[in-house]
Amino acid sequence: MHFYTAAVVLLRLALCLEAGKCPRVCSCDRTKLTVSCVGKNLTEVPQGLDEITVKLDLRNNNLQVLPRGAFVLTPYLTHLNLQRCNIITVKEGAFRTLGRVVSLNLAYNKIDVLYQESFDGLSSLKELYLDHNRVEEIQPGAFSQLGFLNMLALTHNQLVYIPNMAFQGLNNIKWLRLSHNSLNNVALEAFASLFTLSRLSLDHNELQFFPTQTMTRPREVTRLDMGHNPMTYLGEESVSMPKLTRLYLDHMSLQDLSDKALTGAPLLSHLDLSHNQLRYLEPLSGPKELTTLNLTGNPVYCNCYMRSLRVWAKVGGVRLLGACAGPPHLSDEPLQAVAAVDLRCRSRGESAKDAFEEDDESTEGPSPTAKPKLKVRCPMNCDCDIEAQHATCEGRGHVKVPRGFPSKTQLLDLRSNHFHYLPANSFPGTSQVVSLHLEFCKIHEIEAGAFQGMKNLFYLYLSDNELTSLDPGAFSGVPELTYLHLEGNRLAQLPGSALAVLPSLFVLHLERNVISKLEPAALLSLATPKLRELYLTNNTISTIAEGALDSAFLGVLHLDWNQLTEVPTSALSQASNLEELNLSHNSVRWVGPNAFLSVSQSLKRLFLDQMGMEKMSSDALAGLGSGLRALTVRGNQLEQLPDLSPLTGLEIVDLQDNPLLCDCPLLHLRRWMENVSLEVIATCGQPPELKGKMVSEVSVFTSCPERSSLPGEVEVTLDPGPPNTRKPKPSLSKASGVKLRSAKSKSTWAKSSKKKPVAPKKTKKKKTL
Ligand SMILES: *[C@@H]1O[C@H](CO)[C@@H](O)[C@H](O)[C@H]1NC(C)=O
Ligand SMILES: *[C@@H]1O[C@H](CO)[C@@H](O)[C@H](O)[C@H]1NC(C)=O
Ligand SMILES: *[C@@H]1O[C@H](CO)[C@@H](O)[C@H](O)[C@H]1NC(C)=O
Ligand SMILES: *[C@@H]1O[C@H](CO)[C@@H](O)[C@H](O)[C@H]1NC(C)=O
Ligand SMILES: *[C@@H]1O[C@H](CO)[C@@H](O)[C@H](O)[C@H]1NC(C)=O
């Protein structure tokens, strides 16, 4: 009995001592079961920790390596803080015994790689802090065991790229924080599998494009932080995130935002566009719930072009934040306080009527609503409107560039004069000019420094002159130049060296010149990293060197009306963001397999009309899928077509005027036409008895074997397929085939900022069944 009691007492004592263990350098709270060993220069996890410790704070030590099983003696931990421990490597299995930890803090260490099993065992973990490390690589499966994690902080690391499925296994993640890295690329499936993610932070990175497709994957995201990335442009349908309510696109370099950029974000309520370069914004189609639109810190110009936005905001109850940057009488006025009627364009060519109805501006005088003009300083034979900051000497027979415009002039219109030659320093005292018109001035030479001092010049129109070449210094001194019109000259090559001084160049028009070839690295040599749209229509281009069009920024390329004999596939191999390609009116008889593969992830519009095409490989469109919105092959010699069924996103398709061979190999087309809600016009050219009949109406397909719907496949099933029971449709006039919005050809400076490459308008969708 005695002995027994003594034994129990001893045992208790032993347990008690055991439970009371506390390493010498640490302080322990026995009731809260917490241990703190902060700032002790420890090089390893201290020995002799109490097994039942739940919170362990090891901040500011010098652990360097966390070995396998580092915490095997403290299995009940729920909170572990390892901030600033100089940790470089976390060995596989370091946390394997910590199945109860809910919060792990590894911030401010020197971890560079997250290995496949770095976090194994942390099966209850809810928060993981890995910010302020040097992570540049996430190995596949690094997070695969963290099925309960809600928040992962990877901010302030050195990530450049996020690979596919990097976050696989995070089945309960709510907030993923990737801010302050150097991301310039995120793989298409980088965020796939994050079905519970509601907030994603990608701000302060180096993304030049909105990763449209990638962002469609985490489909529950309601808030996206994307600010402080160097994006300059947001095109149509850039954002396709059905649950998104808050979108932060602040502190970027946006110069243009398509009114359709957000059509795929119908629930958006808060949009932050503050601190960008937007001068105008059109009403946004798509978000019906928008309550706040933040335009603070943009150079918004409050004239008639802003009126439709103002009206739209008022009607829709959208609060506009930000202020007018001009004109002077509205400067600093809060957008919300400016009435729509005060958003006016007063001078000729800029009246609201002109703006929205595209009247020919060269015919009438000042608009009747104009206030009496204040005539001040103005060169002879010119008109200057001080208030509107416009000056014009259009078509007045000047042979020298007039001088002495009001210093605040922003639009200078000198078109249709006879300058022939522009000497250096032709425009003194015009540093405020944003838009300069020099069309039809018979200019054949521009001396270096001609535009010197025009440090705000944004739009320059040199169309329809007689330029055969350009001096390398022709555009020096105009660093802001963004839109350059050189169409209708006699340039025989891409004026590379002259353009090399234009770091902001965004849109370049070179239509109607005599350029016959594009040299290797032609675009790279421009040193115009932001060139987004390149128009080369109606030149004589027959060769495009491999790599000539290498530019990850190029979005729109028009090569129609040239002399190409093949699709410039290899030239486009690095044009990974190309959205629109026009190759119409070349003579390309055959389009081989994979012709558009390199641009298939980004391409939205492809125009292949009137090219004399006789054959397209059944794999010609390989890679193109739901992203393609428009495809035209009108007026070719095609008898067969590739399978169009992968193109599930098509809104426009034009197959007219091809002599299609209406027989079983074309069954796939017929099936596809019956299946899509698009108006598709295609006619048979053969056999003779079917010539001119609509593909959708001939009955020849009813006797085709089922499987011949796949081109190239031979199938011998003798199932005759369902009989064609559809009623014949009245034939549609050709003109109703496809409608494309006509190019806006107006060219006042403000207009141009809104001018887009011809955007295809949706055809009226129509059920064919
Ligand atoms: C920390 O430990 C390292 C080596 O273990 C030693 O060289 C260094 O002097 C120590 N620093 C302090 C502040 O104790
Ligand atoms: C609008 O943007 C500015 C500048 O980024 C910011 O300070 C302000 O808080 C924003 N306002 C709202 C309501 O988001
Ligand atoms: C191409 O340019 C030439 C010469 O400027 C012109 O005559 C022709 O009409 C243009 N064609 C098209 C389709 O623009
Ligand atoms: C018809 O549409 C359905 C669903 O959109 C699709 O699964 C099927 O493959 C289509 N068939 C053809 C022949 O395009
Ligand atoms: C593509 O080129 C053809 C031929 O020049 C032209 O008719 C068509 O409008 C162009 N498409 C677009 C979208 O610019």
Side-chain angles (χ1 to χ4, degrees), residues 203-204 223-229 235-236 245-254 258 268-278 281 290-300 313 317-323 325 334-336 487 507 509-512 533-541 555-564 567 578-588 603-613 628-636 650-654 656-657 735 737-745 755-763:
D203 52 290
H204 294 87
R223 171 171 177 160
L224 177 60
D225 300 85
M226 195 56 115
H228 293 271
N229 277 287
E236 276 179 31
T245 59
R246 302 175 80 77
L247 176 58
Y248 294 82
L249 297 171
D250 55 297
H251 295 88
M252 307 212 296
S253 318
L254 290 176
S258 162
L268 200 63
S269 64
H270 182 96
L271 176 59
D272 191 342
L273 291 171
S274 61
H275 297 285
N276 278 287
Q277 306 295 325
L278 297 165
L281 196 65
L290 203 64
T291 56
T292 311
L293 176 53
N294 198 342
L295 286 167
T296 306
N298 281 277
V300 174
V318 180
R319 190 160 64 111
L320 294 179
L321 296 164
L335 292 173
Q336 191 72 10
E487 65 268 31
V507 175
H509 286 274
L510 282 166
E511 300 94 325
R512 295 183 289 113
E533 303 177 9
L534 177 58
Y535 298 93
L536 286 163
T537 304
N538 202 353
N539 276 273
T540 56
I541 300 170
V556 173
L557 177 61
H558 283 201
L559 284 166
D560 45 312
W561 291 94
N562 275 287
Q563 294 166 11
L564 295 170
V567 174
L578 194 68
E579 292 184 1
E580 177 168 312
L581 177 60
N582 196 340
L583 289 171
S584 300
H585 285 274
N586 280 282
S587 28
V588 178
L603 204 63
K604 291 184 179 165
R605 296 176 288 276
L606 177 59
F607 304 107
L608 303 171
D609 302 327
Q610 313 282 353
M611 307 208 305
M613 252 192 304
L628 198 71
R629 296 286 187 262
L631 173 67
T632 67
V633 295
R634 188 174 187 146
N636 284 290
L650 276 185
E651 290 163 356
I652 291 180
V653 62
D654 189 348
Q656 286 192 63
D657 303 332
V738 153
K739 296 154 201 129
L740 295 178
R741 190 191 297 163
S742 70
K744 293 181 181 173
S745 57
K755 179 172 166 183
K756 294 284 160 49
V758 186
K761 187 186 267 180
K762 287 188 185 180
T763 42

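Numbering starts at 1 and runs along the sequence shown. As the structure lists them, so they are numbered: ligands from 1, and atoms in each ligand from 1.
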Inset, instruction - Would you check, one step at a time, whether the test side chain to side chain contact (heavy atoms under 4.5 Å, CB included) holds for L335 with L321? - result: CA-CA 6 Å; L335 292 173; L321 296 164; over 6 Å; no
Legend entry - Where ligand 5 meets H585 - atom numbers and elements under 4.0 angstrom, heavy-atom basis: 4 (C)
Legend entry - Among L559, N562, N538, N582, closest by any non-hydrogen atom to atom 3 (C) of ligand 5: N582
Legend entry - Beyond-backbone contact of H270 with Y248, side-chain heavy atoms, under 4.5 angstrom: yes
Inset, instruction - Kindly state if atom 5 (O) of ligand 2 has a protein heavy atom within a strict 4.0 Å cut-off, that is, under 4.0 Å? - result: yes
Inset, instruction - Give the numbers and elements of all ligand 5 atoms closer than 4.0 Å to a heavy atom of W561. - result: 4 (C), 5 (O)
Legend entry - Distance (rounded to the nearest 0.5 Å) between R246 CZ and R223 CZ: 6.0 Å
Inset, instruction - Evaluate the criterion side chain to side chain contact (heavy atoms under 4.5 Å, CB included) for residue pair L578 and L557; output intermediate values, then yes/no. - result: CA-CA 8 Å; L578 194 68; L557 177 61; 3.9 Å; yes
Inset, instruction - For ligand 2, indicate whether the residue L321 contacts it via side chain, backbone, both or neither (heavy-atom separation under 4.0 Å). - result: side chain
Legend entry - Residue list, salt bridge (charged side-chain N to carboxylate O under 4.0 Å, His left out) with D609, at least two apart or on another chain: none
Inset, instruction - Could you list which atoms of ligand 2 come closer than 4.0 Å to a heavy atom of S274? - result: 2 (O), 4 (C), 5 (O)
Inset, instruction - Could you walk me through whether L650 and R629 pass the side chain to side chain contact (heavy atoms under 4.5 Å, CB included) test, one step at a time? - result: CA-CA 4 Å; L650 276 185; R629 296 286 187 262; 5.8 Å; no
Inset, instruction - For atom 14 (O) of ligand 5, state which one of R605, E580, H558 supplies the nearest heavy atom. - result: H558
Inset, instruction - Name the option, out of T296, N294, L295, that contains the heavy atom nearest to atom 8 (C) of ligand 2. - result: N294
Legend entry - Side-chain donor-acceptor pair present, E533, H558, cut-off under 3.5 Å: no
Inset, instruction - Please identify which atoms of ligand 2 are closer than 4.0 Å to at least one heavy atom of H270. - result: 14 (O)
